[in-house]
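So the structure is just underneath, and the comments pick up after that.
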Number of protein chains: 2
Amino acid sequence: MTQGEAPPRTPRSRPTMREVAALAGVAIKTVSRVFNGVPTVDPAIVARVREAADKLGYRPNLTASSLRRGDGRTATIGMLVEDAANPFSAALTRTVENVARERGSLVLVGSLDEDPARERELAQALIDRRVDGLVIVPAGRDHSYLISEQRSGTCMVFVDREPSLLDADAVVSDNRQGAITAVDHLLKAGHRRIAYLGDRATISTAAQRFDGYRHALEVAHIAYDDELVHHTGASEEAAIDATRHVLALPDPPTALFTSQNLVTIGAVRALRALGRQHSVAHVGFDDFPLADILSPGISVIAQNIEQVGKTAAEMLFRRLDGDESAATTITVPTRLIERGSGEIRAGGHHD
Amino acid sequence: MTQGEAPPRTPRSRPTMREVAALAGVAIKTVSRVFNGVPTVDPAIVARVREAADKLGYRPNLTASSLRRGDGRTATIGMLVEDAANPFSAALTRTVENVARERGSLVLVGSLDEDPARERELAQALIDRRVDGLVIVPAGRDHSYLISEQRSGTCMVFVDREPSLLDADAVVSDNRQGAITAVDHLLKAGHRRIAYLGDRATISTAAQRFDGYRHALEVAHIAYDDELVHHTGASEEAAIDATRHVLALPDPPTALFTSQNLVTIGAVRALRALGRQHSVAHVGFDDFPLADILSPGISVIAQNIEQVGKTAAEMLFRRLDGDESAATTITVPTRLIERGSGEIRAGGHHD
DNA sequence: CGACGCTGAGACAACGTTGACTGGGCGAGA
DNA sequence: TCTCGCCCAGTCAACGTTGTCTCAGCGTCG
């Protein structure tokens with residue numbers, strides 16, 4: 001099998017309006033009118049054009065169309081998330097996609113892996129493709145590079161974390177209040193030594209949750225103890241180590257507050273490995289699948305991801321529709337889900 | 001606040017090469033050369049152009065570029081999955097994105113929700129945006145509508161399920177062999193009555209897994225019993241019902257083979273609700289997070305999603321690079337992960 | 001019967017960019 | 001000194017589409 005044999009290996013490239021027009025015996029502009037649903041075309045000609053288009057397998061070229069069109073819209077929005085594979089990002093992507101679909105738009109996704117350089121690169125790549133707008137879960141702490149894009153008319157909404165050095169819309173969860181709720185819940189169960197295990201404090205959401213933790217302790221007149229606090233980064237292994245470490249202290253915590261998904265799961269693993277899952281109370285930030293099926297079930301502060309994503313996408317499209325009002329940050333409340341682990345009382349077992 | 005106040009609300013539209021050229025005092029083509037890294041430009045002019053571009057916040061318009069360019073490539077590929085939010089699709093998307101990124105491409109995603117009409121619509125939407133290629137986890141059973149697109153030069157690779165009525169590349173997991181392995185494993189543990197709970201049999205992967213189940217039983221000379229088989233669809237609730245139902249039979253199964261993720265989780269829930277999780281053996285198809293942390297841990301047939309996604313993306317890019325060889329289907333092996341639930345012996349408890 | 005308005009279709013240019021070609025300046029070799 | 005060729009930047013047209021304008025045909029009304 002060398003190369004010669006394929007006989008009807010057709011033109012190799014996509015048919016254009018010109019070819020459809022030629023086949024239908026009309027002007028190219030008429031084909032354009034047909035595909036844009038302009039009503040002032042003779043039905044007989046519409047039929048002829050459609051037939052010719054079908055025969056050729058013609059599909060309009062939206063990139064050419066958007067280039068020529070007045071508004072230059074591409075009916076495509078960009079979405080930058082931490083990692084398309086993680087459940088939080090995936091759920092967010094899906095809700096944004098749903099809103100976009102209603103508006104006839106598609107979504108270009110990119111994963112940042114918490115790398116600010118990647119954020120810049122991918123944001124540029126999206127802008128170079130002239131997406132109509134951007135939904136960003138930012139990795140970096142300096143978004144001034146987007147100022148000129150914003151001025152050039154690219155709409156953008158930040159999600160989960162607010163923009164820095166840039167004035168733009170944002171939709172975030174109430175991280176601080178969520179953390180306060182979690183810690184209050186543990187305090188109510190009688191705990192006085194509550195450990196904090198969380199992501200790196202440079203990540204703004206982690207910082208807010210940590211702030212909530214400190215605030216709740218302060219209100220309860222409990223002295224802050226550095227030994228009970230570990231900013232581990234988002235990794236199960238590190239969380240396992242940190243959990244083991246705090247539980248091995250001379251005066252160990254009776255309760256854990258873990259402020260991020262993977263940290264929560266690491267803590268769950270460590271507690272089970274130590275056989276302490278029924279004696280150490282535990283509330284995690286972020287819900288996760290099967291949290292209810294473990295024993296004890298893991299109590300969590302759940303974010304309303306659907307509402308966050310939906311709100312963000314709707315904000316973006318409102319901007320695209322011409323809303324010029326001042327940039328806002330919308331805060332979406334979290335809620336506590338009691339499943340057992342957070343209800344273990346100090347100095348005793350859960351029922 | 002009516003409308004008049006914003007003072008330097010600049011041009012509102014993006015600067016073009018023309019404007020950069022004007023500011024730098026060169027021809028538009030020279031700007032083009034600079035941004036394309038053509039070496040035959042005086043370094044002093046390069047610097048002047050770059051400076052002008054920076055001052056204006058110029059970013060090249062890739063859609064215009066790809067329109068004019070010979071190959072018409074958009075450096076964008078399309079990816080259609082079942083649901084961007086589910087872990088399988090999300091993991092797949094991410095591996096494809098990784099390969100695409102190396103090639104300077106971005107990924108447009110769309111969720112099909114098992115709806116063939118949506119598959120068509122979204123495939124068309126992607127093609128209308130002139131993606132360079134398509135990675136599809138198909139929802140429908142008739143892909144002939146893609147024949148003309150394929151002939152027009154759009155490359156496509158099917159993932160997880162093979163194309164029907166279309167000759168195209170595919171990358172799939174070895175569903176049948178995986179199911180055989182699962183059932184064999186249960187047979188080895190002494191089980192003779194093994195229930196099958198799975199997705200609708202119209203879904204090809206489900207059909208293949210069911211086929212593996214039947215084959216393994218046949219080889220073991222175990223009569224097929226219709227009562228032990230439920231094609232529930234991919235829903236936890238339905239799986240819970242089906243599990244309860246088979247376990248309530250006069251001659252109930254001693255082991256379950258669940259052929260899909262949500263079905264597996266439903267079965268897990270049902271077994272726990274009945275307190276039977278330590279007496280009924282269980283192997284699921286598809287791994288899921290925290291399967292190891294349950295007790296017993298859930299034994300599964302794990303797909304190698306990363307390899308599937310990577311292989312598919314690489315195939316696609318090989319086609320884009322001009323590979324014209326005949327369409328192939330690549331089968332990626334699965335592997336059994338023993339965690340406890342699948343090792344429960346017939347008529348007894350696991351160690 | 002002629003001017004007028006309306007309907008429906010084509011001609012032309014332009015969106016932002018790049019491929020193909022042109023042309024001026026300059027150094028080298030005859 | 002003249003010519004040839006090279007280097008570098010510019011001109012022009014085109015990618016596939018649509019906005020704007022034009023124009024032919026036809027029915028209407030004074």
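These numbers come from a predicted model, not from an experiment. Labels below follow one simple rule: chain letters A, B, ... track the order of the sequence lines, proteins then strands, and each chain is numbered from 1.
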Which residues share a side chain to side chain donor-acceptor pair (under 3.5 Å) with A/D115, sequence neighbours left out: none

Contacts of A/L166 that satisfy side chain to side chain contact (heavy atoms under 4.5 Å, CB included) - sequence neighbours left out: A/H143, A/L146, A/I147, A/Q150, A/M156, A/F158, A/P163, A/A168

Test salt bridge (charged side-chain N to carboxylate O under 4.0 Å, His left out) applied to A/D128 - qualifying residues, sequence neighbours left out: B/R59

Under-4.0 Å salt bridge between B/K55 and B/E51: no

Stacked cation flag B/R50 on B/Y58, 6.0 angstrom / 45 deg: no

Which pairs of donor and acceptor atoms, one on a side chain in residues 101-110 of chain B, lie under 3.5 Å apart (sequence neighbours left out)?
{"residue": "B/R101", "atom": "NH2", "partner": "A/S111", "partner atom": "O", "Å": "3.1"}
{"residue": "B/R101", "atom": "NH2", "partner": "B/E97", "partner atom": "OE2", "Å": "3.0"}
{"residue": "B/R103", "atom": "NH1", "partner": "B/D321", "partner atom": "OD2", "Å": "3.2"}
{"residue": "B/R103", "atom": "NH2", "partner": "B/D321", "partner atom": "OD1", "Å": "2.8"}
{"residue": "B/R103", "atom": "NH2", "partner": "B/D321", "partner atom": "OD2", "Å": "3.4"}

Near-strand residues of residues 27-36 of chain A, defined as heavy-atom separation under 4.0 angstrom from DNA chain C: A/A27, A/K29, A/T30, A/R33

Side chain to side chain donor-acceptor pair (under 3.5 Å) against A/Q307, all qualifying residues, sequence neighbours excluded: A/N304

5' to 3' contact window, DNA chain D with chain B (heavy-atom distance under 4.0 Å): D/dC8 to D/dG16

Within residues 44-76 of chain A, residues whose heavy atoms come under 4.0 Å of DNA chain C: A/I45, A/L67, A/R68

Within residues 120-128 of chain A: residues closer than 4.0 Å to DNA chain D (heavy atoms): none

Global bending angle along the helix from C/dC1-D/dG30 to C/dA30-D/dT1, which compares the axes of five pairs at either end, to 10 degrees: 60°

Residues in side chain to side chain donor-acceptor pair (under 3.5 Å) contact with B/T74, at least two apart in sequence or another chain: B/D132

Listed partners of A/D167 passing side chain to side chain contact (heavy atoms under 4.5 Å, CB included), at least two apart: A/A327

